[in-house]
Amino acid sequence: MDRLANLDRRWLFLAMAFAVVVPLLVPFSLPFRVSRMTQNAYDRIEELEPGARVLVSVDYDPAARPEIEPSTKAMVRHLLRRRAKLVFVTFWAKAPPMLDALIRDLVETEYASGQGFFAGASNAPLVYGTDYANLGFKEGKEAAIGGLGQDLRRLFPSDARGAQLSELPIFTGVQTVRDFDLVFNASAGFPGAKEFVEQIVARHHVPFVTATTAVSMTELTPYHPTHIRGIVGGMRGAAEYEQLLGYKGLGTRGLNVLTVGQLLVIAAIVLGNIIYFREKWRGAR
Amino acid sequence: MKLASLTVVFGALVSFAIGACSTEPVALRPASAPNVSLDVSGASMPPDARAVVSFEKSPDDGAHGLVRKYIVVRRTLPHPYFRPFRYVELPPNPAAPNEVRVADVSASPGGAYEYAVWAIAENDRTTLGEFGAMPVLSAPSRPGRMPTTFDGPRSMRIVRTELEVRLRSADPGDGRTVLLEWDPVPTPAAHHYVVMRSTKPVGPWEPFFASEVSAQSTGASGPIRMRTTLPTDEKWFFFVWIVPENGEATHAYINGQGVAVEAAWLHPSRSAVGLVLLLTIAFSLWFLWRAKHGKGGFIRRIAGVDAIEEAIGRATEMGRPVLYVPGIDEIQNIQTIASLLILGRVSEMVARYDSEIRVPCAIPLVATVGEEVVRQGFFDAGRPDAHRPQHVQWISSEQFAFCAGTNGIMLRDKPATNLFLGRFFGESLILAETGYVNRAIQIAGTAEISQLPFFIAACDYTLIGEELFAVSAYMTRDPKLLSTLKAGDAVKMLVLVALVVGSVAACIWPSAPVTSTILSFLRGAD
Amino acid sequence: MRIALPLAITFLFGTFFVAEFFVPHAGVHDLVALLQEWVSILASMAFILGGINVIQVNLPKIARREKDWGYKLALVGSAIVTAALGFFDDGEGSAFQFVYAHVFAPADATMFALLSFFIASAAFRAFRARNAESSLMLISAIVVMLAVIPLGEWLFPDLPLVKDWILDYPNNAGRRAIFVGAALGGIATGFRVILGLERSHLGGDS
């Protein structure tokens, strides 16, 4: 126990490494319930009519990608299953390559060729400009997000591929964010869901759902369900959404890692307190 | 550094000049008129059509993508005025034929009609097309120019008046954005709504909006809303046409006289925020007056701030530098500004103690200003020679690259005191834990709530929220600065009272007029 | 003049931006949009300064072969190479994309992943039940952590309800209280800066 009191923290690091790697190599599954916030997000997307126009804002960087991409992919798959028309955008400078990869992997490969989640479904290939579009990155943070509510065409004269918005049928009748049936924001920080609530939802009352990191969830929960219809938070949220969609992806595997990791942290806390109280009682005696 | 600063200023001026000289976007000019012709010969007409109006797409259609919508208007001769009779919206398809043909199935045989076409540009500017006028099935065409005026509601025969159109300012009071709202007309036939506007209550009117709404699509789903941005700051008047699928338009009034929209100079919904601001200013002035008359108020001890000077002294004794991280956000963020204010005091203290300071920055502008602040601090301490500009450096604007660089400074230079004051995100715990390796005294301060738990767990002292903003006033004990501190506390007490009173009132008298009035005031209308 | 001019500009623009929040007139908002564009332009130009700063700080150390000069050479070299690639070889399948996908993105994710290790060591070191408040924090932390994982839900089916209550009530109350305090502190700081009561951020008479 005395050795534990002076434990080199690198032993903890090693234990955490095992806690992360082993569940990935040896998957297991424990049942879990879907939270109200995730269910609300799912229900909101499920209510969409085919052909509904959805703005998908992908606002995370490579650092947050492992945590937030499983839920983002799950929700985009759901949107594709609902045959929604998707307009992608981002307000993070590091996000465009990941946004391109998301479109390429999900929309242009998985959906179009009936792979993975869409296996067995006969989907007509989606046409860029009619069924989906990519507006790319816009600098300006919350000011740029606010610009979506003023004049989207002024904010984005052309899309990420250089085409004028007026040449793309998906933008027919679209002047502002109010012309969308739903806004979905995958948010890892600033600018993100909170800025969307302040600039878009509060002013223009557009339905809004978000996928976010676990640490940001606590600051967004006061907005649920009045401003944010549904929140899919962290790895747990990703796993819940995958369960609702009926598949087990990275989110579910990540939840296993989260389970073992949390247990290790709890064990570290308990151990630390045992050591603390032992030292205290020793000192008292 | 002076040359670099001049380079930045020069580059900024050039950019401003380029921006000022840039031309207006194409979308702001009116659409060009479409060429219109009329065909009543019977050849290639639909069987039930009395006439076919054909027009060429506007020259702007497709080229700049301006024009998609056309309104065909018709007048029954010898009646002098036109009414909208068909709304056409073309999909964006550059390969589509240039000619558009619209059949008129509602004209009476033997009647005389004239037609014209309005092209509506995407920026809501309109123009008239040339028209071809001829009686149906009889006389040859008589091309001519259409009158530029269009009738207003007074001189039009009223066909249907039950449509009530409500007008209000959207985004209240900016003088440009208005919201028109009306309940859908219960008619079995499909129809469109065409909204006209004018700067005068009697016209000339121009159509500027055509709703895609039809009877089938509205059902009982609620009022139709149309939001539009007006092109100028003048007063504008509106009225709405109902254009059946086949047949002439009926129309409706807005209050019979049109409604003016004016820009406001005050947001009524933000009065609560304004009240808080005024109270803060008023209390600041009051406490300043009190301080000048020797009635200074009590400021509670903030352990973290008191520890800063001890920590700097410790660093001096150990011969190791002080690390100061001003957060990772832009300079316009209030936490960064507060951090730079504190940096001035800290660098003066460091200079007096004859120690060293390292200031890694994530934003180049913050590094530039930080270097000036540190230089001033050393100057104020009478040690300008001791200042080392290279100790204030820009690491990277990438969050974790900055974190890695700062960790490197901590592991190499082994500062004895780490000050993390400003806005932080996910790198906060990594910085604090790396600092712990050196057994440094760590004092953190941020108003970023999500990072506070990490700092509390890993640092010796943490300044929470408003304590960060109080540091510079607290350190100087200047009465002018302390007065604003006291003012903030006073307003907070009022907020506390309002919370308690409001919560009790909302629980006990939820429907009382006073309760709902106060709640509306505080909530605002945004 | 060196101090007076920046103070005057600060007062003018600071007062304007405070006032524009309360003025809905479209003309004012057009001016605000223009000024925000100017801020973006200035911030972008400052990156040139940042680049100069990197070279000014590191090149002398490389020239003098100071300790760890090799790392500084790697820093300056990779910064120049990446910037050059960004200018001349960008787009799908380019070298710049390769650097982003295979160097930057993994390094970024790795640094963020370090948090998991540091969380464990911070929890071991700092989460001690020293007094009533820290005990309460400890218990809340364990409840919330357990409630998030399926095992906790399986062991205590009502634990998620307790977690939701903790997050919805005590957590939100504390969070909102800190928000209010921080907002008022921000107003007070802004007031001091706009009125020129605080000047240390301007540099000065050196």
Side-chain angles (χ1 to χ4, degrees), chain B residues 4 7-8 11-12 15-16 19 171-176 263-267 270 274 280 284 334 337-338 340-341 344 364-365 367-369 372-373 375-376 379 384 390 393-394 400 403-404 412 426 429-430 433 447 449 457-458 464-466 469-470 472 480-481 484-485 487-488 491-492 495, chain C residues 18 21-27 29 37-39 41-43 45-50 52-54 56-57 60 67-68 71 104 107-108 111-112 114-115 118-119 121-123 125-127 175 178-182 184-193 197-198 200-206:
Chain B
T7 307
V8 168
S15 302
F16 296 158
D171 295 333
D174 67 347
R176 299 259 182 93
W265 288 96
L266 202 60
H267 249 304
R270 294 182 182 174
T280 308
S284 298
I334 193 65
I337 293 174
L340 289 171
L341 296 174
L365 211 45
T368 310
V369 174
E372 280 287 321
V373 168
R375 179 192 302 273
Q376 182 61 33
F379 180 84
Q390 64 269 26
Q393 60 180 123
W394 173 59
F400 288 102
C403 179
R412 282 192 301 273
L429 184 64
I430 301 176
E433 279 294 300
I449 297 176
I464 298 174
E466 63 201 303
F469 301 111
S472 65
K480 291 200 292 284
L481 303 181
T484 59
L485 210 62
V491 175
K492 207 180 346 162
V495 169
Chain C
V18 169
F21 179 78
F22 299 99
V23 178
H25 198 290
H29 287 278
E37 282 177 11
W38 288 9
V39 169
I41 292 171
L42 268 177
M45 295 304 295
F47 274 94
I48 299 174
L49 266 183
I52 295 170
N53 179 272
V54 166
Q56 267 185 334
V57 167
K67 186 165 172 281
D68 296 326
Y71 296 129
F104 172 74
D108 211 31
M111 286 297 299
F112 193 53
L114 286 179
L115 269 175
F118 290 136
I119 286 267
S121 75
R125 194 179 76 246
F127 275 58
R175 175 181 287 277
I178 297 174
F179 264 141
V180 169
L184 290 171
I187 292 174
T189 303
F191 187 57
R192 293 199 298 267
V193 170
L197 299 174
E198 291 262 25
S200 53
H201 62 290
L202 295 177
D205 300 317
S206 57

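A note on names: the letters A, B, ... follow the listed sequences, proteins ahead of strands, and every chain is numbered from 1.
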Cut-off 4.5 Å, heavy atoms of chain B, and the answer for C:Phe127 is side chain
Comparing C:Val180, C:Ile187, C:Leu114, C:Leu115 against chain B, the one with the most heavy-atom pairs below 4.5 Å turns out to be C:Leu115
So, the part of C:Phe191 with a heavy atom under 4.5 Å from chain B: the answer is side chain
Note: B:Pro384 and B:Phe379 closest approach over all heavy atoms is CB-CD1, 4.2 Å
field: Residue pair C:Arg192 / B:Ser472, side-chain heavy-atom distance below 4.5 Å
entry: yes
Per-residue tally against chain C (heavy atom, under 4.5 Å) across B:Ala457, B:Gly488, B:Ala447 peaks at B:Ala457
Closest non-hydrogen atoms of B:Leu365 and C:Ala46, given as atom of the first, atom of the second and distance, are CD1-CB, 3.7 Å
Minimal heavy-atom distance between C:Ile178 and B:Gly465, with the atoms involved, is CG2-CA, 4.3 Å
Cut-off 4.5 Å, heavy atoms of chain B, and the answer for C:Phe21 is both
So CG of B:Leu341 and OG1 of C:Thr189: to nearest 0.5 Å the spacing works out to 7.0 Å
Okay, C:Leu197 and chain B: the region with an atom under 4.5 Å from a heavy atom over there is both
If one checks every heavy atom of B:Ala487 against chain C at 4.5 Å, the contacting part turns out to be neither
- Message: Could you tell me if the side chain of C:Leu184 sits less than 4.5 Å from the side chain of B:Glu466, heavy atoms only?
- Response: no
Greatest number of non-hydrogen atom pairs under 4.5 angstrom with chain C, of B:Ile464, B:Ile334, B:Ile449, falls to B:Ile449
Heavy atoms of C:Gly50 and B:Trp394 approach each other most closely as O-CE3, 3.1 Å
Answer key: most heavy-atom pairs under 4.5 Å with chain C among B:Lys480, B:Glu433, B:Arg412, B:Lys492 is B:Glu433
